[in-house]
Engineer: 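I have a structure here, written as structure tokens, and I will follow up with some questions on it.
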There are 2 protein chains.
Amino acid sequence: MNQNGGRSVKSVDLTCSILRALRELDGAGVTEIANHVGRSKGAVHNHLSTLHRNELVVKENDEYKIGLKFLDYGTYAKRRVSGYRSAKEVVRDLAEESGEVANFMVEEHGVSVYLIKERGDDAVRTASYEGDRKPLHCTALGKAVLSQFSKERVEEIIDSRGLPKQTDATITERDELFDDLERTRERGYAYDDEEIRSGLRCVAAPVVDSTGEVQGAVSVSGPISRFKGDRFREELPELVLDAANVIQINAAMPD
Amino acid sequence: MNQNGGRSVKSVDLTCSILRALRELDGAGVTEIANHVGRSKGAVHNHLSTLHRNELVVKENDEYKIGLKFLDYGTYAKRRVSGYRSAKEVVRDLAEESGEVANFMVEEHGVSVYLIKERGDDAVRTASYEGDRKPLHCTALGKAVLSQFSKERVEEIIDSRGLPKQTDATITERDELFDDLERTRERGYAYDDEEIRSGLRCVAAPVVDSTGEVQGAVSVSGPISRFKGDRFREELPELVLDAANVIQINAAMPD
DNA sequence: GAAAGATGTTTGTGATCGACAAACACAAAT
DNA sequence: ATTTGTGTTTGTCGATCACAAACATCTTTC
């Protein structure tokens with residue numbers, strides 16, 4: 001396994017920093033960005049006008065902003081995910097049946113990426129949005145996926161991302177996480193019990209393709225007041241497992 | 001008005017070419033991309049590993065692909081558009097009431113960018129997707145927006161983008177376009193009569209904010225068989241104008 | 001099973017190119 | 001009118017990036 005060495009292209013790194021800055025600052029002028037990334041105005045100016053020529057950024061009355069070209073590339077990347085099309089419908093049904101928030105997510109670069117979010121009639125407001133990135137260890141979706149990874153791969157991810165604490169219930173110890181993943185594997189689905197946001201519980205099941213490779217995960221999230229007892233222990237898991245099953249069967253079929 | 005000169009950063013240009021290549025080729029290896037962009041393998045390799053480190057691309061069994069980080073930036077950019085939130089609901093209602101496809105779009109870099117697409121019960125399949133980019137001159141949405149631009153701005157856009165022919169009905173002459181925009185302005189809404197796809201008609205109205213600046217446009221599209229007579233001349237325009245009106249009123253309100 | 005032909009990756013090197021700093025143009029504010 | 005912000009442009013030198021060629025792995029092929 002190579003460690004992804006290779007020489008880096010400094011200019012590209014700078015351009016990426018500038019994009020990050022544009023987002024953090026929610027749009028900004030040349031000087032502001034130059035200060036933020038610690039470079040000269042001239043340099044930043046050249047990068048921004050190059051990005052502008054490539055239509056990746058937009059200029060609105062002396063403020064540069066992230067351009068909608070990213071949405072073009074992003075939707076392309078989203079649709080490229082195998083099983084996305086069928087997942088969309090399945091997740092909608094799941095949201096409807098449960099009345100809660102239903103999600104579909106895939107792993108990328110050691111974090112979870114939310115691809116589909118559908119709201120049922122009683123859905124609570126969750127912060128996640130399409131493309132949102134969250135740590136894997138503190139969500140049911142993430143743990144569902146991690147439970148299908150090899151121990152080495154999980155170790156690698158922990159090494160690079162750590163186990164940042166989100167609430168008092170967040171798992172922050174390696175051993176504890178591995179125990180949880182073991183139980184998840186036995187069960188076939190994962191729980192998140194206020195580990196990312198207090199008051200919020202979640203049930204998720206991994207979606208595995210025909211080769212045994214994990215594609216992503218489906219979940220339902222909701223308030224602790226409704227996520228308890230039999231519903232939390234049996235009904236919701238069943239719905240979620242069912243959804244995961246349908247997605248993986250549909251994904252195996254050619255359109 | 002400056003012509004957006006400035007020195008360009010060659011490495012960033014190359015990185016953008018590589019991203020375009022990744023998309024056109026729908027994922028590819030180093031050699032393939034190197035040939036496609038006409039550079040050495042080594043150079044391309046360095047760019048790709050830099051992009052990988054920045055999590056903008058993904059590597060799947062010896063193929064690099066556009067990463068989902070673009071979706072993150074893209075959704076951010078989409079939500080940043082003023083009036084997006086209220087437009088979402090309004091467009092959904094419009095799709096439901098009309099039973100057709102309803103869209104919301106904004107202009108960027110001289111092209112139209114589709115931001116919202118909702119399908120009614122009888123909706124035909126249209127190719128557009130969130131983030132999709134199309135020329136302005138051959139869609140009702142585009143012409144609705146152009147009708148609100150100054151003549152100089154329209155000239156600029158034509159100069160840089162041309163008037164590419166999509167169907168036999170596409171307007172390819174400057175004068176003809178300006179005539180159409182004039183009529184559109186008088187009417188208050190725009191028509192697309194098979195100008196982008198044969199068999200498809202469309203009605204669109206511009207969304208103008210409180211300062212008189214055009215924000216974007218709303219539309220309904222459907223087959224010629226249903227888009228004719230009174231419905232095409234009166235009913236649909238009324239629905240669309242109404243939707244545009246609601247969006248601009250909501251946009252003016254603080255959340 | 002060895003050799004050939006693909007990959008992706010790494011290295012040294014010289015020419016290019018990009019960052020800096022400073023000057024410039026143009027605002028708005030004092 | 002002067003000051004203090006912008007964004008933009010320029011000359012210059014040192015860093016850096018692309019090339020080419022070698023290297024490491026794989027398949028393929030005979």
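The sequence lines fix the lettering, A, B, ..., with proteins before strands; numbering per chain opens at 1. What you see is a predicted model, and the numbers here were worked out from it, not measured in a lab.
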Engineer: Test your reading of the model: is there a side-chain donor-acceptor pair from B/Arg161 to the backbone of B/Leu136, 3.5 Å cut-off?
Structural biologist: no
Engineer: Atom OH of A/Tyr64 to atom C1' of D/dT6: distance rounded to whole Å?
Structural biologist: 12 Å
Engineer: Report each atom pair, protein N/O against N/O of nucleotides 19-21 of chain D, whose distance is under 3.5 angstrom.
Structural biologist:
residue	atom	partner	partner atom	Å
D/dC19	OP2	B/Ser40	N	2.6
D/dC19	OP2	B/Ser40	OG	2.6

Engineer: Spell out, as yes or no, whether a donor-acceptor pair under 3.5 Å connects the side chain of A/Asp180 to the backbone of A/Glu176.
Structural biologist: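 Flag not set: sc A/Asp180 to bb A/Glu176 has no pair under 3.5 Å.
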Engineer: Take the protein atom CG of A/Leu48 and the nucleotide atom C1' of D/dT9, then report the distance between them rounded to whole Å.
Structural biologist: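 So the CG-C1' distance, A/Leu48 to D/dT9, works out to 15 Å.
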Engineer: In whole angstroms, how far is the P atom of C/dG8 from the CD atom of B/Glu60?
Structural biologist: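 These atoms are roughly 15 Å apart.
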Engineer: Between the side chain of B/Ser112 and the main-chain N/O of B/Glu107, is any donor-acceptor distance below 3.5 Å?
Structural biologist: no
Engineer: Less than 4.5 Å apart, side chain to side chain, heavy atoms only: is that true for A/Gln166 and A/Pro135?
Structural biologist: yes
Engineer: Rounding to a whole Å, what distance do you find between B/Asn35:CG and C/dG8:P?
Structural biologist: 10 Å
Engineer: When you measure from the side-chain N and O atoms of A/His47 to the phosphate of C/dG18, is any distance below 4.0 Å, counting only OP1 and OP2?
Structural biologist: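 Looking at the OP1 and OP2 atoms of C/dG18, neither is under 4.0 Å from any side-chain N or O of A/His47.
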Engineer: Among residues at least two apart in sequence or on other chains, which ones pass salt bridge (Lys or Arg N to Asp or Glu O under 4.0 Å) with B/Asp159?
Structural biologist: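 Salt bridge (Lys or Arg N to Asp or Glu O under 4.0 Å) check on B/Asp159 returns B/Arg174.
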Engineer: So which one's nearest nucleotide on DNA chain D is more toward 5', A/Gly29 or A/Val9?
Structural biologist: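 Between the two, 5'-proximity favours A/Gly29.
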Engineer: When you check the gap from the basic side-chain N to the acidic O, do A/Glu186 and A/Arg183 get nearer than 4.0 Å?
Structural biologist: no
Engineer: Just how far, in rounded Å, is C1' of C/dA6 from CG of B/Asp62?
Structural biologist: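 My rounded result for the distance is 11 Å.
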Engineer: Does OP1 or OP2 of C/dG8 have a side-chain N or O of B/His45 closer than 4.0 Å?
Structural biologist: no
Engineer: Whether the side chain of B/Lys78 engages the backbone of A/Leu71 through a donor-acceptor N/O pair (distance < 3.5 Å, no angle test) should be reported.
Structural biologist: no
Engineer: Hey, which of these two, A/Glu32 or A/Val12, hits DNA chain D nearer its 5' end, going by closest nucleotide?
Structural biologist: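 Closer to the 5' end of DNA chain D: A/Glu32.
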Engineer: Separation of B/Glu63 atom CD from C/dA6 atom C1', in whole Å?
Structural biologist: 15 Å
Engineer: Between C1' on C/dT7 and CD1 on B/Ile33, what's the gap in Å once rounded to a whole number?
Structural biologist: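 These atoms are roughly 13 Å apart.
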Engineer: Side chain of B/Ser11, heavy atoms from C-beta onward: which of C/dA19, C/dT9, D/dA18 has the nearest atom to it?
Structural biologist: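 So the side chain of B/Ser11 is nearest to D/dA18.
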Engineer: Closer than 4.0 Å, any side-chain N/O of B/Lys10 to the OP1 or OP2 of C/dA15?
Structural biologist: no
Engineer: How many whole angstroms separate atom CG of B/Leu14 from atom P of D/dT16?
Structural biologist: 17 Å
Engineer: Counting just side-chain N and O atoms, does A/Thr31 come under 4.0 Å of either OP1 or OP2 of D/dG7?
Structural biologist: yes
